[in-house]
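Here's the structure we're looking at; comments come further down.
Whatever order the structure lists them in is the order used to number ligands and atoms, beginning at 1. Reckoned from all heavy atoms, side chains included, excluding hydrogens, waters and symmetry mates.
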Amino acid sequence: MEDKIKELSQQIEEFKIEGKETLEKFRIQFLGSKNVLKDLFAEIRNVAADKRKEVGQSINSLKTQAQNKFDSLSDSSEEAEEQKSDIDLTLPGEGFKLGSRHPLSLVNEEIIEIFSKIGFNVSEGPEVEDDWHNFTGLNLPDEHPARDMQDTFFIEKDPDWLLRTHTSSVQMRVMEAKELPIRTITPGRVYRNEAISARAHCFFHQVEGIYIDKKVSFADLKQTIEYFAKEMFGEHAKIRLRPSYFPFTEPSAEVDVSCSLCNTKGCNVCKYTGWLEILGCGMIDPNVLKNAGIDPNEYSGFAFGMGIERMAMLKYEVKDLRMWSENDIRFLDQFKATW
Ligand code: PHE
């Protein structure tokens, strides 16, 4: 018995690892559920009674020896595995991939910033709007043919409710609040029932603005738009106004900015006209002021509205409107914010 214990102790001592399997064999032999030490314990009853205690202790220390050997070998084998896996701990860690701001947000903020410098604050309103704020209050009563200009998504249960087709609805709400004078811009998402293509989408974003005070004139409007164009497109930007029609403004105009790519010489971005259309505007129709409870004999105002996607397309020369809402990381990654 004692010889056997000595032999096993030596075996443990001399055991060398040659691959993971040999370590597993060692574990089964000395520490597994049917290990050799159990056999030894079983044989203890054949040992002379006065030696049993001593033999028992020797078997126990054999067990500890096996356990220690196993622990130290499995540690070092893990280390060896790690070293084999070619990890170079001196390499710099993987950087976190930072997101970028959406180009439409960047342009939106730029527009807000430009107008805030001349005293415009920001107003917001609901995207699900009622007929009054989106249409009727803005001089577009039922059956008005200009309602067709704005393919509207109506709420099925109650056609008095709809997805706003422009953010002029927010202007209506601000006017009704009547904290005069008003100088505010209204950025937000709008919806129109259009087939999705490179040039049209069923939703897009606008920034509209109004200024209402005593004696606001068309000259104020023109000056404000010119200031905006220069801030947005550079000091050399020129604007031109073309007569237009909007039900809520009279007179109305569409504004073009000189094409900064060809300097009005004509290129494929401006379709060889030298000019790019950027916004619609006009003097707020007296009827609209009246609808909001503002006396048109005392107050006058101007309004303007532009598409953020359109601004972004001009700024970044993106030709397909769908890019803005597809969330393709390869596209979005190119617009690193400088904030
Ligand atoms: N609401 C108009 C549109 O969506 C834009 C506009 C706003 C025009 C204010 C004139 C004045 O097309």
Donor-acceptor under 3.5 Å (Lys38 side chain, Ser33 main chain): yes

Carboxylate-amine/guanidinium proximity below 4.0 Å for Arg310 and Glu277: no

Given that the side chain starts at C-beta and the backbone is N, CA, C, O, which of these parts of Ser252 lies under 4.0 Å from ligand 1, counting heavy atoms, or is it both or neither? neither

Taking only heavy atoms of His166, which atoms of ligand 1 are found under 4.0 Å from at least one of them? 1 (N), 4 (O)

ring-ring contact (aromatic ring centres under 6.0 Å, His included) partners of residues 128-172, not counting sequence neighbours, each pair once: His166-Phe248

Only counting residues at least two apart or in another chain, list the ones meeting side chain to side chain contact (heavy atoms under 4.5 Å, CB included) with Lys6. none

Take atom NZ of Lys69 as the centre, draw a 6.0 Å sphere, and report whether it contains more than 12 heavy atoms from other residues, nucleotides or ligands. yes

Where does Phe248 meet ligand 1, judged by heavy-atom distances below 4.0 Å: at the side chain, the backbone, both, or neither? side chain

Report yes or no: does Thr167 contribute a side-chain atom to a donor-acceptor pair with the main-chain N or O of Thr186 at less than 3.5 Å? yes

For Phe246, the ligand 1 atoms with a heavy-atom partner under 4.0 Å come out as 8 (C), 10 (C)

Judged by non-hydrogen atoms, does Gln206 sit under 4.0 Å from ligand 1? yes

The single option from Leu8, Leu37, Val36 passing side chain to side chain contact (heavy atoms under 4.5 Å, CB included) against Ile59: Leu37

For Ser168, the atoms of ligand 1 under 4.0 Å from one of its heavy atoms are 1 (N)

Ligand-side contact atoms (ligand 1) for residue partner Phe304, heavy atom cut-off under 4.0 Å: 7 (C), 9 (C), 11 (C)

Atom indices of ligand 1, in the order listed, that fall short of 4.0 Å to a heavy atom of Ala303: 9 (C), 11 (C)

Check this for me - ligand 1, Glu208, N or O atoms closer than 3.5 angstrom, yes or no? yes

Return the residue, atom name and 0.1 Å-rounded distance of the protein heavy atom closest to atom 12 (O) of ligand 1. Arg192 NH2, 3.9 Å

